[in-house]
J.: 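The structure is given below, and queries will be raised subsequently.
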Amino acid sequence: MIKKDIDWGNLGFGYIKTDKRYVSDYKDGKWDDGRITEDDTITLSECACVFQYAQTVFEGLKAYTTKDGKTVCFRPDLNAERMMTSAERLEMPVFPKERFLDAVRQTVKANEEYVPPYGSGATLYIRPFMFGSNPVIGVKPADEYQFRIFTTPVGPYFKGGAKPITVRISDFDRAAPHGTGDIKAGLNYAMSLHAIVDAHNEGYAENIYLDPGSRTKIEETGGANIIFIDSDGNMVTPKSGSILPSITRRSLMVVAEKYLGMKVTQREITLEEVAGGAFKECGLCGTAAVISPVGCINDHGKEIRFASGMEEMGEVTKKLYDTLTGIQMGTIEAPEGWIFEID
Ligand SMILES: *Cc1c(COP(=O)(O)O)cnc(C)c1O
């Protein structure tokens, strides 16, 4: 496979148009057969449901090259299932799991020249999404939809090592109790934009959202789940119905327990216990960075500093990071079904 002439190591996280994308349309109650196309544009009515009422859901995953030269994705079956859940919550038709996996395979194969080589640190980011496409003015779900997957090559998340970040406790809420916090919908991101711009202006890398019901418990950031390591070296992660079920976090729970012999607990975590020093390490987890170490949480001027410090990733977090990335890259044996080969 001849790869595109791209400086993989210096790529950022921005959109770069690749050659092919996958499209399937839903009309008269059924999905069509789907196709690979070169057309990166979409022409819609000004009154399409997605524009008026934000009826859209998405996913994010990566294709990359393993040590033995295979092009693979990590647990795309979980992305397929999560997108089904997201679609159902917004009254959209479900794109079947087998079709989703086939569409991922087709899209990656069609753009194989953009899958970065092993060792570059770069990956081919895959963005499946779905939206209501026909005109809707009275509030109701659309009748027609489009499912689409495009890809874009992205650079190594951490250039020159993963430096711990400082995050703040947000005064904004991310998701209401019994709302849509547990699905991957664009609407959850629209309302986070002001909060993230404000956080960046104030010098923070991210916002930690509290549970909007009582504003006492840790939920997650705008686009990543949170893990803590307690003083015994065990993993504790928040439990709440309004957290998006991160595939990275769910995988790290398995890695911690099965590969590293750690105890893993998912429970309500109060800001008070975090401030009281219950945890020695903290990390944000998601597909893009796998784990971003958190060195400090700023709670309205009060600094909660983790023992792992601001220089490098905490010791236990690093083990988790190395084991999961090793599994992904094929240097550590993966649990059955975690690695999805493209060809
Ligand atoms: C996508 C997302 C995550 C991370 O999920 P992964 O499956 O690990 O990539 C976490 N939180 C939110 C709000 C998200 O949208």
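Note that ligands are numbered from 1 as they come in the structure, with each ligand's atoms numbered from 1 the same way. Quick caveat, the model's predicted, so the values are computed rather than measured.
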J.: Just one of Asn298, Asp299, Asp198 clears the side chain to side chain donor-acceptor pair (under 3.5 Å) bar with Arg168, so which one?
T.: Asp198
J.: Under 4.0 Å between a Lys/Arg side-chain N and an Asp/Glu carboxylate O for Lys263 and Asp230?
T.: no
J.: Please determine whether a side-chain nitrogen of the Lys or Arg among Glu59 and Arg127 lies less than 4.0 Å from a carboxylate oxygen of the Asp or Glu.
T.: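 Salt bridge: no.
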J.: Flag the pair Arg215 and Asp211 as a salt bridge only when some basic side-chain nitrogen lies within less than 4.0 angstrom of an acidic carboxylate oxygen.
T.: no
J.: For ligand 1, what is the set of protein residues having any non-hydrogen atom at a distance below 4.0 Å?
T.: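 Lining ligand 1: Arg82, Arg174, Lys184, Tyr189, Glu220, Gly222, Gly223, Ala224, Asn225, Leu244, Ser246, Ile247, Thr248, Gly286, Thr287.
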J.: Do the side chains of Lys4 and Glu113 get close enough for a salt bridge, i.e. N-O under 4.0 angstrom?
T.: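 Result for this pair is yes, salt bridge flagged.
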J.: Assess whether ring-ring contact (aromatic ring centres under 6.0 Å, His included) is satisfied between Phe129 and Phe58, documenting all intermediate values.
T.: CA-CA 4 Å; Phe129 64 113; Phe58 69 100; 8.7 Å; no
